Amino acid sequence: MKSFRTASGGLIDRARRLQFTFDGKLFHGFAGDTLASALLANGVHLLGRSFKYHRPRGILTAGSAEPNALVAVWRDAARYTPNLRATQVELYEGLQAESQNRWPTLACDVGTVNGLIAPFIPAGFYYKTFMWPRRFWKSLYEPLIRARAGLGRAPTAADPDRYASRYAHCDVLVVGAGPAGLAAARAAARAGARVILCDEQPQFGGSLLTDAQALIEARPAGVWVHETLAALEQNARVTLLPRSTAFGYFPHNLVGVNQKLADHLTLAPPHLPRERLWQVRAREVVLATGALERPLVFPGNDRPGIMLAGAARVYLQRYGVRCGSRAVIVAGCDAAYQAALDLHAAGVAIVAIADPRTSADGPWRQAARQAGLPSQERTTVLGTRGRLRVSAVRLGRIDANGTVSPGATVSCDLVLMSGGLTPSVHLFSQSRGRLLWDDTLQAFVPGAGAERERSAGACRGIYALAAAIEDGAAAGRAAAEVQRAALPMQHTTEAADGILGALPARKQPSAQKAFVDWQNDVTTGDLALATREGFRSIEHVKRYTTTGMATDQGKTSNLNALAIVSASLGKTIPEVGVTTFRMPYTPVSFGSMASRARGDLFDPVRKTPMHEWAQEHGAVFENVALWKRARYFPRAGEDMQRAVARECLAVRSHCGIFDASTLGKIEVVGRDAVTFMNRMYVNSWTKLAVGRTRYGLLLREDGFILDDGVVARTAAERFHVTTTTGGAAGVLALMEDYLQTEWSDLSVWLTSTTEQWAVIAVQGPAARKVLQPLIEDIDLAPDALPHMAVARGRICGVPLTLFRVSFTGELGFEVNVPADFGRAVWEAIYAAGQPHGMTAYGTETMHVLRAEKGYIIVGQDTDGTVTPDDVGLGWAIGQTKPDFVGMRSLARPAMRTAQRKQLVGLSSVDPQIVLEEGAQIIDTPGQHPPMRLIGHVSSSYRSAVLGRSIALALIAGGRARLGQTLYVPMPHGDVPVQVVPPVFYDPKGERLHG
Amino acid sequence: MLLIECPYCGKRPELEFVYGGEAHIARPAAQMEVTPGQWAAYLYARSNERGVHAERWRHTRGCARFFNALRDTTTDQFLATYKIGAARPPAGPAQESP
């Protein structure tokens, strides 16, 4: 195999030869190579197939702007990374890479057929094609499109690697370590600033890595970079981040920087994370992100072997690789001649230089002429040939009035093109800075900023090396000294050098394939179609044609697309405007974004002190807010229905034990605690005696139920407030809100004690018999501790607050002990309960038991539009209070009409039918949509003790409908139900007071 | 992520805070006296400012205190933060970054 490596030169380590494979074939490269440079050195240009037409594609660029050369790198099933830019993949010993979007092989790809039917699949064809017939969408179109969509494939196993994240603060963050960035970092560091300097490449230096012989401060650039870096490395206040892409600019100078730590190593040490996500909060940011080279738009400009002229220089100077043997240069700017000269000097035959410009001159062009390179001006490219690699270029002559006539066909194996530079303003634009069109420069440059940042060097159009370094140094100094005033815009003397938009052509855009966006296969024809079909806004053209919407974010395509669209609309570029730049600058892995927040660390899990006991006893858990709660305790062979029926009957006939620890608990303490409680809750608390509890109801200011719970007065100025499990944090926040912002005169302290207490509910006729022997100093007799009383004492020798409360309708107690004693006390009660038939029950049984009694669950039987009266809790409202949250809203006429939805019970006529929760209710059967819906089922269960189904529902004017038959429309027909009172079991409440 | 200056704790990242809606909307003292229109305005009418907006924040994962802030909704820059009960300060230039 012929080698395209030069005999010497470049920054590669020729002493370290590396072996790698591409599509299974063995190759060799050197340390310091990228996958792209190593393949080019082996004469490989065909790297992949394009997204839409499956056209053979090669390497276009030498960096992160690469739209074409996307490959997958395989380490194992879990470490398979698709869509990596070969131009950024660092070579390591044993690297295994493969091409994508081809089948069966890269050279012979069946998908190429798309290219033949290209006239039928122009921009937006899927919007027009897949509309009819409608039923085909689910069964045919969508599966078909999904199978074809996407580039690359996902790894098949979970990612085993570790990803780290870190916050960092600095005075000056410098993004980009090219000449301007290095100068900025050096100046800022010299001024004493804490500096972070990041660059996406493994080596710092940017364009200087290619131009190592350029002179800076009277020494070669390579030496200058080395000295500058050495000084920065020795400075303890400077952090250097190579392989680190600043991918996003967020408000208040927060910059996301993704650092690759291990992907360039054959075997990463186990302690090393694969990537690290830095969130850098910088006092000042210096953007030195450089400029990107633009391709030229001409027919057939996408074949392998056609690449950017500047990229070919990079491969030559930095990697010692000649990209071909016979090169045609399409020169849209002066720098293209520099590439021609460099390649010529390295032994590449320059067979033609076609310059489409009518009048152009520049130092490199003159030098090329002096060197005798064959250059022709007013020459365009009419087409190219070559299936898997370019083999010839058809030139065209542009005459004085712009007409193009056919010219010579030149055979070659390499076409280098350059349309000039585009300042890389992505991060500046992300920071909400305003872009300005610079007519002289023919480019968008940073205008008024929105953050504390400044751009320096090529990213604001200052391309000349000395000027860029001076600009960087000034920016670094200013940032370190926090001079907010904008630096004067000092342009290079050079005028615009380059070409925007498509080259002159002979045919209509639709008759040829001149690519604008390589990655999404968007041609000039697609853009012309979009404007012809009436798209005027560049944002709409972008979405319709998908130009600039690929993973490369249109780095090489946006400005050309904009120029083509504005030309066809007859407007100027600034009139058409620019699309929005969004993060990430280059793709960031999900692993890095997720960082440690995966698996067990994804979301906190709250467990009660009795969690392990429940686990050991076979509980099935459910998520309630962040808590894990035992839902039911199935015994061998039991499903949920049978387990719940057994648990329900046990509570009703003997006794049950239930973990209620997740209920929110708030201590309300202070001189004004009563006043505060009176204002927050609808109830009146003034007369509640110490040692008594009351059912508390909390509204929002709009009068609707927010939360409920039992509130105990444990001292004259102390309340123990309980809330729903999910509402705990919100209730405390609401209380704090009123206390801090409305009633700051009140002397009250609020403390969450949810996790300080383990709460064990003991419910059922035998509850007293079970508990009394364990409790030392509280008399549980009905007279001594009546329903809704609270007392302090000791159980099993540990401090106890005992509530006599019931959410089941049975005689009930809630044992509150310090959380650490929870499990021990639970086990003691459970053991003492065994002779009395005690059964552990879960939340599902709790739900059934409370529904049998018509007790509501906030959020299930209420939905944010329910007043206390709607659910029959109007009695709870303190009628003589001057003020409570929601009071004024309850006085609105609409809150008092008889037609409001009210809580009622439903008995299905067939007792075996369990209604579906959420089902709608109608008043006459046999209706067809649209039906008049008068309410919905909010709770529905099978009641073991009643031997039938029960349901709660909110129905318009429900209490006046008692006895009526209503209907629940279901797919198989209307289910007749009878409206009944919401209390199904023990309506007189005798068991509660037992 | 915004950088927010808590008047009690200093500059902290946004994830320590919870947004609390528009500031300076006082709960009517004699609420039963107000007209339905006034009450509806208290409950629902908000200025939805394009520009300098006085708003409440709570340093929930810090000192847990509510405070007020002036923020330019077009730039996300804070012009001032101040304690509950203090008068709304005049909107000056944006606060210094970190």
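Since the structure is predicted, the reported quantities are computational estimates derived from the model, not experimental observations. Throughout, protein chains are lettered first and strands after them, A, B, ... in sequence-line order, and every chain is numbered starting at 1.
Counting non-hydrogen atoms of neighbouring residues, nucleotides and ligands closer than 6.0 angstrom, the CG atom of A/D745 exceeds 12 such neighbours. More than 12 non-hydrogen atoms from other residues, nucleotides or ligands lie less than 6.0 angstrom from CZ of B/R46.
Interface residue A/E736: backbone and side-chain heavy atoms are both found under 4.5 Å from chain B. Heavy-atom distances place no part of B/A23 under 4.5 Å from chain A, backbone and side chain included. Within the 4.5 angstrom heavy-atom criterion, atoms from both the backbone and the side chain of A/D737 approach chain B. Only the backbone of B/A64 comes within contact range of chain A, with at least one heavy atom under 4.5 Å from a heavy atom of that chain. B/V18 does not touch chain A: none of its heavy atoms, backbone or side chain, sits under 4.5 Å away. Contacts of B/R65 with chain A are made by both backbone and side-chain atoms, with heavy-atom separations under 4.5 Å.
Going from atom CZ of A/R432 over to atom CD of B/Q77 covers 8.5 Å, rounded to the nearest 0.5 Å. Between the CD atom in B/E14 and the CG atom in A/L254 there is a gap of 10.0 Å [rounded to 0.5 Å]. Taken from CG in A/L890 to CE in B/M32, the straight-line distance is 8.5 Å, to the nearest 0.5 Å.
With A/H252 contributing its side chain and B/I4 its backbone, the two residues share no donor-acceptor pair below 3.5 Å.
Heavy atoms only, all atoms of each residue included: B/M1 and A/Y167 are closest at CE-CE2, 4.2 Å.
Between B/I84 and A/S744 there is no side-chain heavy-atom pair separated by less than 4.5 Å. Side-chain contact between A/P882 and B/Q31 is absent, with no heavy-atom pair separated by less than 4.5 Å. Considering only heavy atoms from C-beta on, A/R281 comes within 4.5 Å of B/P13 through its side chain.
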Open item on the list: Evaluate B/Y42 against A/E701 for side-chain contact (heavy atoms from CB on, under 4.5 Å), listing each step before the verdict.
Closed with: CA-CA 10 Å; B/Y42 162 68; A/E701 204 64 273; 3.5 Å; yes
